[in-house]
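Read the structure below first, then the notes.
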Amino acid sequence: MKINHLPKEKVIIQHNLITSGRYDFSACQLDILFLLLASLEKNDPEDKKYDLHISDIETITGRKWNHNQLKESTKQMGGNTFVVGLASSEKQLWLFKSVEYQHGKGYFTVSISEEARPYLFELKDNFTRINLNSILSFSSKYAKRIYAIACQWKTAGKVTMDISEFKEILGIKDKEAVELEQFTRISDLKKKVLDIAKTQINESSEINIDYELIKRSRSFEQINLFVNHGKEKRLIDFNESI
């Protein structure tokens, strides 16, 4: 089967405030998000709507999409927010203005909210390059998020973060403590998040990652994420037409 609407190794350019923003999306919802990002072009009009073709993502991932699950995922995304930390404030963003499903046509149409649009298009010097084929191949939602963070720091080769902040970015800890924190035991964080993400990213992407947990006194407080892009694939230029 051929991908009819997207190059298989399309490069996504994503604003780093979204890469490091705090939001908790499922693996299916992240696939929708990244498919949308790959469909964007810099000169798109503000009112443009985007047709996302289910066959594209099924071809890339090798996974069949259940239409009822898909509809439930976009419905839940409408109630979820991106939380973006700015210099003097914290902004909550809702990504979609509307989602319309076309019966029997194999695609759905997305309209982006006005508030979210600048973070998708005003990229300038602050962006992350993400390989669509790689990020859609991961089954773990944490692998998808950690891969995006790793791509942001690929040139530097390393990023150090507080574990608390790292958990907030991945959506497994609520900064406002509204919901219970997940994976409070460091062994669970390693087994259910970090090790799975490391395996999937190293096996199925153009980069390699590793991590180191740093202990202060009696508890682990920081994480070093190492990025080695020694197996770089040829990536399609973002400016190439879909």
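All residue numbers refer to positions in the sequence shown, counting from 1. No hydrogens, no waters, no symmetry mates; every other heavy atom, side chains included, goes into these values. All of these numbers come straight from a predicted model, not from anything done at the bench.
Here Glu206 contributes atom CD and Cys151 contributes atom SG; the two are 5.5 Å apart, rounded to the nearest 0.5 Å. Gln92 CD to Glu115 CD: the interatomic distance, rounded to the nearest 0.5 Å, is 11.5 Å. The line from CG of Leu36 to CD1 of Ile112 is 4.5 Å long, rounded to the nearest 0.5 Å. We find the NZ-OH distance between Lys198 and Tyr211 to be 6.5 Å, quoted to the nearest 0.5 Å. Summarising the geometry, atom OG belonging to Ser139 is positioned 10.0 Å from atom CG belonging to Asp31; distances are rounded to the nearest 0.5 Å. Here the straight-line distance linking atom CG of Leu136 with atom OG of Ser204 works out to 12.0 Å at 0.5 Å rounding.
Looking at Gln29, its side chain does come within 3.5 Å of a backbone N or O of Ser73 through a donor-acceptor pair. Gln222 places no side-chain N or O within donor-acceptor distance of the main-chain N or O of Thr160, the cut-off being under 3.5 Å. The main-chain N or O of Ser98 is never found under 3.5 Å from a side-chain atom of Ser111 such that the two would form a donor-acceptor pair. Listed for the Lys158 side chain is no donor-acceptor partner under 3.5 Å among the backbone atoms of Phe226. Checked by atom type and distance alone, the side chain of Thr74 pairs as donor or acceptor with a backbone atom of Lys71 at under 3.5 Å. The main-chain N or O of Leu189 is never found under 3.5 Å from a side-chain atom of Lys167 such that the two would form a donor-acceptor pair. For the pair Asn228 (side chain) and Gly157 (backbone), a donor-acceptor distance under 3.5 Å is absent.
Each of Ile186, Thr199, Ile146 was scored for a side chain to side chain contact (heavy atoms under 4.5 Å, CB included) with Leu194, with one residue passing: Ile146.
The two residues Leu52 and Ser39 come nearest to each other via the heavy atoms CD2-OG, 3.6 Å. Contact detail for Arg117 and Pro45: the closest heavy-atom pair is NH1-O, 3.5 Å. Closest approach of Ala143 to Gln200, counting heavy atoms only: CB-OE1, 3.7 Å.
Side-chain heavy atoms closer than 4.5 Å link hydrophobic residues (I, L, V, M, F, W, Y) into clusters, and following such links, possibly through other members, connects Leu30 to Phe96. By the criterion of side-chain heavy atoms lying less than 4.5 angstrom apart, applied directly or through intervening Ile, Leu, Val, Met, Phe, Trp or Tyr residues, Ile214 is not grouped with Val159; the two fall into different hydrophobic clusters. Under the 4.5 Å side-chain heavy-atom criterion for grouping Ile, Leu, Val, Met, Phe, Trp and Tyr, Ile196 is not connected to Ile223 through any hydrophobic cluster. Side-chain heavy atoms closer than 4.5 Å link hydrophobic residues (I, L, V, M, F, W, Y) into clusters, and following such links, possibly through other members, connects Ile149 to Leu213. If you chain together hydrophobic residues whose side chains sit under 4.5 Å apart, Ile54 and Leu37 fall into the same group.
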(message) Evaluate Tyr50 against Glu41 for side-chain hydrogen bond (donor to acceptor under 3.5 Å, both in side chains), listing each step before the verdict.
(response) CA-CA 11 Å; Tyr50 299 88; Glu41 298 292 348; over 6 Å; no

(request) Could you go through the side-chain contact (heavy atoms from CB on, under 4.5 Å) check for Asp162 and Glu221 one step at a time? (result) CA-CA 6 Å; Asp162 290 340; Glu221 295 185 2; 5.8 Å; no

(message) Test side-chain contact (heavy atoms from CB on, under 4.5 Å) on Asp51 and His53; report intermediate values, then the result.
(response) CA-CA 6 Å; Asp51 295 335; His53 292 261; 4.1 Å; yes

(message) Let's go through Leu225 and Met161 carefully: what are the C-alpha distance in whole Å and the side-chain angles of both, what is the deciding distance for side-chain contact (heavy atoms from CB on, under 4.5 Å) to 0.1 Å, and is it a yes or a no?
(response) CA-CA 8 Å; Leu225 183 65; Met161 305 174 68; over 6 Å; no

(message) side-chain contact (heavy atoms from CB on, under 4.5 Å), that's the test. Do Val110 and Leu95 meet it? Break it down for me.
(response) CA-CA 10 Å; Val110 171; Leu95 182 62; over 6 Å; no

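Ring geometry, Phe138 versus Tyr147: the interplanar angle exceeds 60°, so the pair is classed perpendicular (tilted spans 30 to 60°).
Counted within 6.0 Å of NZ on Lys105, heavy atoms from surrounding residues, nucleotides or ligands total 12 or fewer; the atom is thus considered open.
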